[in-house]
Each structure stands twice: as C-alpha cells, then as structure tokens.
Amino acid sequence: MDYRQLIQEQKSELSELHTRMDEDAKLANLEDFVLRDVNDKKVPRAISVTLNDTAVFAAHVESALGRAIEQIVVESEDKKVDTAYIEDAVRTALAAASNRLISRGDWPINPYLDQQMCRRGRGAVRCLFRMENGVLIPDVVPWDTRYMYYSMGSDGLEWAAYEVKRSRADIEAEYPEVKVSGKVATVLDIWSPEHNEVYIDGREVRSQPHPYGRVPVCFQQVPLGSMLADSGAIKHRGESIFFLIRDLVPELNRLVSLIQSLNQKELEHALQWESEGGITATPPAYEELDSPGSVISVDKGGGIKPVPYGYLRQQAWLLHSMIETRIQRGSLSNFDY
C-alpha cells in the first residue's frame with residue numbers, strides 16, 4: 001500500500017480541520033492581533049491590542065486536568081489473579097515512560113495529552129514497550145495530532161503516520177545511519193499492523209517488520225462538536241475548548257483595539273478652527289491651542305471645537321459588554337475560575 005499517497009490525499013481532506021487547529025493554537029499562544037480594515041489591510045495610526053483571555057482559559061482548564069488523578073482498575077474473574085500487582089505495574093510503566101521522555105528533554109505524557117485534548121480535540125501516543133537484555137524499555141512517544149494521519153477499520157487503526165519537522169541533532173541521535181544536511185528535516189514515520197517505514201525529506205531510511213501484530217498507536221478523539229454526517233462536518237469533530245468562543249475573541253480584540261485607538265486620539269485630539277476666513281484661514285499651531293495655560297485670540301463666534309468621538313465610544317462600550325458576556329458563557333466566568 002502506498003501510504004505516502006494516502007497521506008497526501010488526507011492532507012487535502014483535512015485542510016479545514018488543520019486550519020481550525022492552527023487558529024486555535026494562535027488563540028492559545030496569544031498571537032499578536034492586528035487591526036485591519038474591510039479590505040484586510042492594516043489600519044494606519046491604530047493601536048492593536050491582544051487580550052490574554054484565551055491563554056488564561058486554556059491554562060486554567062489544563063491545570064485542572066493536571067490535578068486530576070488517573071484511576072487504574074484491573075478486574076478479573078480469576079480470584080488467583082493479583083489485580084493490585086497489575087495496577088501497580090501499569091502505573092510504574094507509565095511513570096517510567098514519562099521519565100524517559102523527560103530525560104530526553106521532551107514533555108511527560110499526561111500534561112502533553114491534556115494540552116492535545118484541550119487545544120487539538122484529540123490525542124495520540126505511539127507505544128513501543130519492548131524487552132532489551134531483560135530490561136523493559138518504555139518507548140512511548142506522544143504525537144501532536146495536527147501532524148498525524150491515519151485510517152480506522154472495524155478493529156481500530158488500520159495504519160497511522162506522523163509527519164513533523166525535527167532538528168538534525170534529534171534525527172541523527174535516533175537514526176545514526178542518517179546524515180542530515182540542513183538544520184531541520186521532515187520525518188515521516190508510518191506504522192501498519194505488520195511493519196514500520198521511515199522517510200526523511202522524502203528518502204526512505206528504514207523499512208522493517210515489527211512484532212506487535214497491530215498498529216502500536218493509541219488514538220482518542222474528544223466527543224465534542226459535530227457528530228453529523230454532513231459534508232464538511234469533519235472540521236467540527238473533536239472540538240477544542242475554544243469552539244464556543246473561537247469567532248468572538250478576534251472581535252473582542254478588534255473592539256478593544258478601536259477603543260484604545262480612540263483613547264490615544266484624545267491625547268492629541270483633532271480640532272476644528274472656525275473663523276471668518278473659512279477653509280482659507282490658517283489655524284494656529286496645535287501647541288498654541290492645546291498647551292495648558294495658553295491664551296489665544298479668536299474670531300467672534302468662531303474658535304476651537306474638538307472633533308466629536310463620543311457617540312462612537314458609547315456604542316463601542318455597549319458592544320464590548322455584549323461580547324464579554326457571551327465569551328464568559330462559552331468559556332469560564334470569573335466565578336467559575
């Protein structure tokens with residue numbers, strides 16, 4: 001089977017889902033908001049503000065999940081089976097797997113999966129527990145599901161692949177036989193029930209059978225979002241924690257940016273100079289009009305008037321209240337925090 005061709009086809013099918021994941025990552029990472037006009041051009045002389053609401057929301061939810069204690073329960077009808085011993089073995093194996101990841105400079109399993117479930121809406125782990133010289137090697141590596149491709153069958157995964165850019169040092173440490181010319185390279189790791197193949201920048205560097213008898217990858221999708229069979233529904237499946245506020249957050253940033261830009265204008269407020277000379281008159285310098293304690297002469301019935309911004313600001317605060325209320329309904333209110 002040409003798995004690489006299947007992966008290319010899935011990239012097209014999953015493009016909208018990947019776009020959603022990328023946008024959610026920007027929300028969580030507080031990517032700088034830029035105030036733009038209706039033609040998507042940056043508004044000149046405007047102040048852009050990025051609020052931290054989404055990062056705070058994600059941090060609170062992921063921290064709450066991190067405080068949860070996993071319950072491992074083994075049951076058996078055979079009274080001779082020591083289920084407590086098996087439960088301890090599972091805990092020890094997972095702890096050893098996380099310690100192995102930490103020693104390599106990677107993230108431990110549980111917090112990584114918590115973040116995947118919250119931000120991607122799904123989680124995956126490649127599990128290669130194996131014995132080497134009488135020692136159990138817990139070779140467990142979580143995958144970022146944004147870069148995972150797979151096919152499900154009636155009995156689980158038919159195949160799974162992970163394509164991600166890695167540094168030259170990481171690649172040469174795991175694949176000593178490979179020499180990478182650039183600083184980074186794309187590694188494609190493909191697993192079927194019988195074999196594993198690895199490509200680095202499109203070149204096959206490993207093709208070997210494995211003894212597991214099934215795809216050694218655990219995958220779970222969050223049961224949140226669309227469960228319909230509609231066309232295009234895939235981008236709404238396995239939703240993230242942002243799915244109720246995803247479209248409101250940019251609008252809130254836009255609104256706050258507009259308000260702050262108006263506040264900035266108050267410091268050097270645009271002024272109108274009324275005089276008998278009309279539009280041909282030469283107004284005084286701005287500093288003469290705006291300096292504290294300054295005294296100037298004006299035409300009778302004329303003078304200085306500020307350009308009005310008040311009505312716009314009033315409407316902006318009303319809209320701000322409406323958006324804030326709906327974001328709290330779709331995430332966590334201050335009381336819930």
Side-chain angles (χ1 to χ4, degrees), residues 16-68 107 111-123 144-146 222 224-226 235-236 238-270 307-337:
E16 290 185 332
L17 174 62
H18 288 168
T19 298
R20 188 205 85 188
M21 290 182 174
D22 294 341
E23 293 302 316
D24 286 348
K26 292 177 183 178
L27 293 177
N29 295 328
L30 296 182
E31 180 175 280
D32 289 341
F33 175 80
V34 177
L35 187 61
R36 299 182 181 277
D37 62 18
V38 293
N39 297 315
D40 200 34
K41 294 183 178 179
K42 185 177 179 179
V43 177
R45 298 181 300 280
I47 297 176
S48 297
V49 179
T50 305
L51 297 178
N52 69 338
D53 298 55
T54 48
V56 171
F57 178 37
H60 277 287
V61 175
E62 291 165 12
S63 296
L65 289 174
R67 291 192 298 269
W107 305 106
Y112 189 95
L113 287 179
D114 289 344
Q115 189 171 104
Q116 283 285 302
M117 294 294 185
C118 287
R119 303 186 187 189
R120 303 297 199 194
R122 58 212 73 211
D144 184 344
T145 49
R146 164 64 175 81
V222 173
L224 189 66
S226 176
K235 68 179 179 180
H236 301 297
E239 273 287 5
S240 75
I241 59 174
F242 300 125
F243 85 112
L244 292 177
I245 62 174
R246 183 180 295 124
D247 296 329
L248 285 177
V249 172
E251 292 306 313
L252 182 59
N253 285 332
R254 185 196 314 277
L255 185 55
V256 175
S257 298
L258 289 170
I259 294 172
Q260 186 69 336
S261 297
L262 288 174
N263 289 338
Q264 180 67 29
K265 289 180 181 295
E266 289 287 0
L267 294 177
E268 294 186 359
H269 205 299
V307 175
Y309 297 135
Y311 183 74
L312 177 60
R313 184 175 288 106
Q314 179 183 357
Q315 296 303 309
W317 281 114
L318 175 61
L319 182 57
H320 176 270
S321 176
M322 295 170 62
I323 294 178
E324 275 283 3
T325 300
R326 282 153 181 79
I327 285 182
Q328 288 203 16
R329 291 174 184 171
S331 57
L332 290 176
S333 67
N334 294 330
F335 178 78
D336 293 327
Y337 280 142

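Residues take their numbers from the sequence shown, with the count starting at 1.
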Just to verify, what does [X] make a salt bridge (charged side-chain N to carboxylate O under 4.0 Å, His left out) with, not counting sequence neighbours?
X: Arg146; value: Asp22
X: Glu251; value: Arg254
X: Glu62; value: Arg119
X: Asp144; value: Arg120

Worksheet item: Can you tell if the side chain of Ser257 reaches within under 4.5 Å of the side chain of Ile47, non-hydrogen atoms only?
Response: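 Heavy-atom side-chain distance check fails, nothing below 4.5 Å.
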Worksheet entry | Side-chain heavy atoms of Arg246 within contact of Ser240, under 4.5 Å |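 Touching, per the 4.5 Å side-chain cut-off.
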Nearest heavy atoms of [X] and [Y], plus distance in Å:
X: Ile245; Y: Phe57; value: CD1-CD2, 4.1 Å
X: Ala28; Y: Ala55; value: O-CB, 3.7 Å
X: Asp24; Y: Phe242; value: O-CE1, 3.7 Å

Scan the side chains in residues 30-38 for donor-acceptor partners under 3.5 Å anywhere in the protein, sequence neighbours excluded, and list what turns up.
{"unit_1": "Arg36", "atom_1": "NH1", "unit_2": "Asp40", "atom_2": "O", "d": "3.3"}
{"unit_1": "Asp37", "atom_1": "OD1", "unit_2": "Asn39", "atom_2": "N", "d": "2.9"}
{"unit_1": "Asp37", "atom_1": "OD1", "unit_2": "Asp40", "atom_2": "N", "d": "3.1"}
{"unit_1": "Asp37", "atom_1": "OD1", "unit_2": "Lys41", "atom_2": "N", "d": "2.9"}

Can you tell me how far [atom2] of [Y] sits from [atom1] of [X], rounded to the nearest 0.5 angstrom?
X: Leu224; Y: Arg122; atom1: CG; atom2: CZ; result: 10.5 Å
X: Thr54; Y: Leu27; atom1: OG1; atom2: CG; result: 5.0 Å
X: Glu16; Y: Met21; atom1: CD; atom2: CE; result: 13.0 Å
X: Leu65; Y: Gln115; atom1: CG; atom2: CD; result: 11.0 Å

Discussion item. For Thr145, is there any backbone N or O sitting under 3.5 Å from a side-chain donor or acceptor partner on Gln116?
Written reply: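 Yes: the side chain of Gln116 pairs with the backbone of Thr145.
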Worksheet item: Would you call Glu23 and Lys26 a salt bridge, taking side-chain N to carboxylate O under 4.0 Å as the test?
Response: yes
Discussion item. So, using side-chain contact (heavy atoms from CB on, under 4.5 Å) as the criterion, who are the partners of Leu51 when residues are at least two apart?
Written reply: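 side-chain contact (heavy atoms from CB on, under 4.5 Å) list for Leu51, sorted by chain: Val49, Asp53, Leu252, Asn253, Val256.
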